[in-house]
2 protein chains.
Amino acid sequence: MVVDRLDTTFTALSDPTRRAMIERLSRGPASVHGLTEPFALSQQMISKHIAYLVRARIVIKTKRGRESVCTLRPEAIKTVSDWAISYRRFWEESFDKLDVVVNQMKKAEAGDDKKHG
Amino acid sequence: MVVDRLDTTFTALSDPTRRAMIERLSRGPASVHGLTEPFALSQQMISKHIAYLVRARIVIKTKRGRESVCTLRPEAIKTVSDWAISYRRFWEESFDKLDVVVNQMKKAEAGDDKKHG
DNA sequence: ATAATCTACTACCATATGGTTGTGGATAGG
DNA sequence: CCTATCCACAACCATATGGTAGTAGATTAT
C-alpha cells in the first residue's frame, strides 16, 4: 500500500504550479475554479495538474453540487518530510565534518601569517 | 540561484533507482561502476540517472583517473526537508483537529450506548 | 604496444508530461 | 425552459524521460 507512492508524490511535487496549488490549499480547501484563477492556466490544465496531486494522494476531490472541492492531505506532505529526515543523520554528520575542517583552517591561518606575504 | 532547483530536485527524486542511489551514496562516495552493480541496469542508464542527480545538484561528480566518483551533497537533501517542514504547521494543526474529533467521538460513544442498541 | 576497464556520446524507441482546442454533461440561476 | 457556470473527456502536439544498442575516448594493466 505504501509501496511506491513516493514516485507519484515526487512527480507531483516536481511542477511549480502544483507546488503553488499545495501552498494555496494549505490555507484551506478550494474548488477547481478557485484554483484556476490565480494561475492563468486553462481549466483543463488545472484539472490535469489536480489529477497528479490526486494520484499521489496529496489532494482529495469531493463533489459538491456542480463544484469539485479540493482538500490537502497533511499526511502526504509529512511523508516527504519523513523521507528527507531519514537522511538527517547523514547531513548533520557532513556539517559536523565541515565544522572540523573550517576550524582547522582557522587554526592554520592563525599560525600561518608569514606564508601569505 | 536557489530559484527553481526544486523542480529538478523533485524530478530527480521521483525515480526509485535514483532514490536507491541516494541511499547508497549516503553511506559514502562511489564510482559510476560501483553504482551500476547493485542496480542491474546498463551503464548508460546509470550515467543518465546520475546526470539527473547532478543536474539537481544532489550529487557531484569528480574525475579520478578513469573513474568518476559520485558524492552526495547533504544540503540538497536538507532542501527537501526544509520544503516539507515549511508545511509542518499545517499538518500539525490538522492532526490536532483530528484529535479533537476523535475525542468528541469517544465522548459521544461513551454516553450514547442506548442509540446503538 | 595491446588488451581490458571505466565512462561518455549518439541514435533510436516507447511512454509520460505540459499544454492547447473543442466539446459535452451536470448543476445553478434567470 | 433557457442560459451561464463548473467541470470532465478526448484529440492532438512538442518535449522530457526511461530504456536499449552501438561505439569511441581515456586510463590502467600486461
Side-chain angles (χ1 to χ4, degrees), chain A residues 3-25 28-72 76 80, chain B residues 3-25 28-72 76 80:
Chain A
V3 223
D4 264 33
R5 189 142 304 150
L6 277 180
D7 279 40
T8 53
T9 298
F10 282 127
T11 296
L13 296 179
S14 68
D15 185 275
T17 299
R18 293 193 289 260
R19 289 197 303 277
M21 281 175 163
I22 290 176
E23 215 282 306
R24 164 70 187 78
L25 289 176
S31 67
V32 175
H33 179 71
L35 283 175
T36 303
E37 287 175 324
F39 293 119
L41 275 179
S42 66
Q43 171 260 313
Q44 290 90 332
M45 267 317 293
I46 295 293
S47 288
K48 224 168 181 177
H49 280 305
I50 292 175
Y52 286 110
L53 293 170
V54 169
R55 184 182 64 170
R57 298 181 55 74
I58 295 174
V59 161
I60 290 181
K61 262 202 320 192
T62 317
K63 272 274 180 190
R64 280 200 22 175
R66 67 181 163 181
E67 291 189 330
S68 279
V69 177
C70 300
T71 311
L72 202 55
V80 176
Chain B
V3 222
D4 263 35
R5 189 143 306 150
L6 278 179
D7 278 41
T8 53
T9 297
F10 283 127
T11 298
L13 295 179
S14 68
D15 184 275
T17 300
R18 292 194 290 260
R19 289 198 303 277
M21 283 176 163
I22 290 176
E23 216 284 304
R24 165 70 188 78
L25 290 176
S31 67
V32 174
H33 180 69
L35 284 175
T36 304
E37 287 174 326
F39 294 119
L41 275 178
S42 66
Q43 171 260 315
Q44 290 91 329
M45 269 315 295
I46 296 293
S47 288
K48 221 168 182 178
H49 280 305
I50 293 175
Y52 286 110
L53 294 171
V54 169
R55 184 182 65 169
R57 297 182 56 73
I58 294 175
V59 162
I60 290 181
K61 263 201 320 192
T62 317
K63 271 275 179 189
R64 279 200 23 173
R66 67 181 164 183
E67 292 188 330
S68 280
V69 178
C70 301
T71 311
L72 202 55
V80 176

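All figures in this text were calculated on a predicted structure; none of them were measured in a lab. So you know, we letter chains A, B, ... as the sequences are listed, proteins then strands, and number each from 1.
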Q: Looking at C:dT20, C:dT7, D:dT17, which one has an atom nearest to any side-chain atom of A:Ser42?
A: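 Side chain of A:Ser42 sits closest to C:dT20.
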Q: OP1 or OP2 of D:dC7 versus the side-chain N and O atoms of A:Ser68: is any pair under 4.0 Å?
A: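 The answer is no; no side-chain N or O of A:Ser68 sits under 4.0 Å from OP1 or OP2.
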Q: Whole-Å distance between D:dC6 C1' and A:Arg64 CZ?
A: 14 Å
Q: Check the pair B:Tyr52 / B:Ile58 against side chain to side chain contact (heavy atoms under 4.5 Å, CB included), numbers first and verdict last.
A: CA-CA 9 Å; B:Tyr52 286 110; B:Ile58 294 175; over 6 Å; no
Q: Nearest-Å distance, NE2 (A:His33) to P (C:dA26)?
A: 21 Å
Q: In this structure, how many angstroms lie between the P atom of C:dG19 and the NZ atom of A:Lys48, rounded?
A: 10 Å
Q: Whole-Å distance between C:dC9 C1' and B:Ile46 CD1?
A: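 Atom-to-atom, B:Ile46 to C:dC9, this comes out as 17 Å.
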Q: Just to verify, which of B:Ile60, B:Asp15, B:Ile22, B:Leu72 counts as forming a side chain to side chain contact (heavy atoms under 4.5 Å, CB included) with B:Leu53?
A: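 Among B:Ile60, B:Asp15, B:Ile22, B:Leu72, the one that satisfies the side chain to side chain contact (heavy atoms under 4.5 Å, CB included) with B:Leu53 is B:Ile22.
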Q: Go through the structure and list residues passing side chain to side chain donor-acceptor pair (under 3.5 Å) with B:Gln43, not counting sequence neighbours.
A: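 B:Gln43 satisfies side chain to side chain donor-acceptor pair (under 3.5 Å) with B:Ser47 only.
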Q: Under 4.0 Å: is that the gap between some side-chain N or O of B:Lys63 and OP1 or OP2 of C:dC6?
A: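 Checking C:dC6 against B:Lys63, no side-chain N or O comes under 4.0 Å of OP1 or OP2.
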Q: Return no unless some side-chain N or O of A:Lys61 is found under 4.0 Å from OP1 or OP2 of D:dC7.
A: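 Answer no for this pair, as no side-chain N or O of A:Lys61 is under 4.0 Å from OP1 or OP2.
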Q: For A:Glu67 and B:Ser31, find the nucleotide of DNA chain C closest to each by heavy atoms; which residue's nucleotide sits nearer the 5' end?
A: B:Ser31
Q: Round to a whole Å and report the spacing from CZ of B:Arg66 to C1' of C:dT7.
A: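 These atoms are roughly 10 Å apart.
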Q: Phosphate oxygens OP1/OP2 of D:dT17: is one of them under 4.0 Å from a side-chain N or O of B:His49?
A: no
Q: Identify whether any heavy atom of A:Gln43 sits under 4.0 Å from a base atom; if not, whether one sits that close to sugar-phosphate; answer base, sugar-phosphate or nothing.
A: base
Q: With a non-hydrogen cut-off below 4.0 angstrom, is B:Thr11 in contact with a base, only sugar-phosphate, or nothing?
A: sugar-phosphate
Q: Among D:dG18, D:dT17, C:dG18, which is the nearest nucleotide to the side chain of B:Arg55?
A: D:dT17
Q: What is the separation between atom CD on A:Gln44 and atom P on C:dG22, rounded to the nearest whole Å?
A: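 Rounded to whole Å, this separation is 11 Å.
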Q: Using a heavy-atom cut-off of under 4.0 Å over every strand shown, decide if B:Thr17 touches base, sugar-phosphate, or nothing.
A: nothing
Q: Round to the nearest Å and state the distance from A:Leu41 atom CG to C:dT17 atom P.
A: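 Going from A:Leu41 (CG) to C:dT17 (P), I get 17 Å.
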Q: Are A:Phe10 and B:Arg19 packed together at the side-chain level, in the sense that at least one heavy-atom pair is separated by less than 4.5 angstrom?
A: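 Side-chain contact under 4.5 Å: yes.
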Q: Rounded to whole angstrom units, what separation is found between the OH atom of B:Tyr52 and the P atom of C:dA8?
A: 15 Å
Q: Given the rule in the side chain to side chain contact (heavy atoms under 4.5 Å, CB included) test, do A:Leu35 and A:His49 qualify, once you have shown the distances and angles that lead to the verdict?
A: CA-CA 10 Å; A:Leu35 283 175; A:His49 280 305; over 6 Å; no
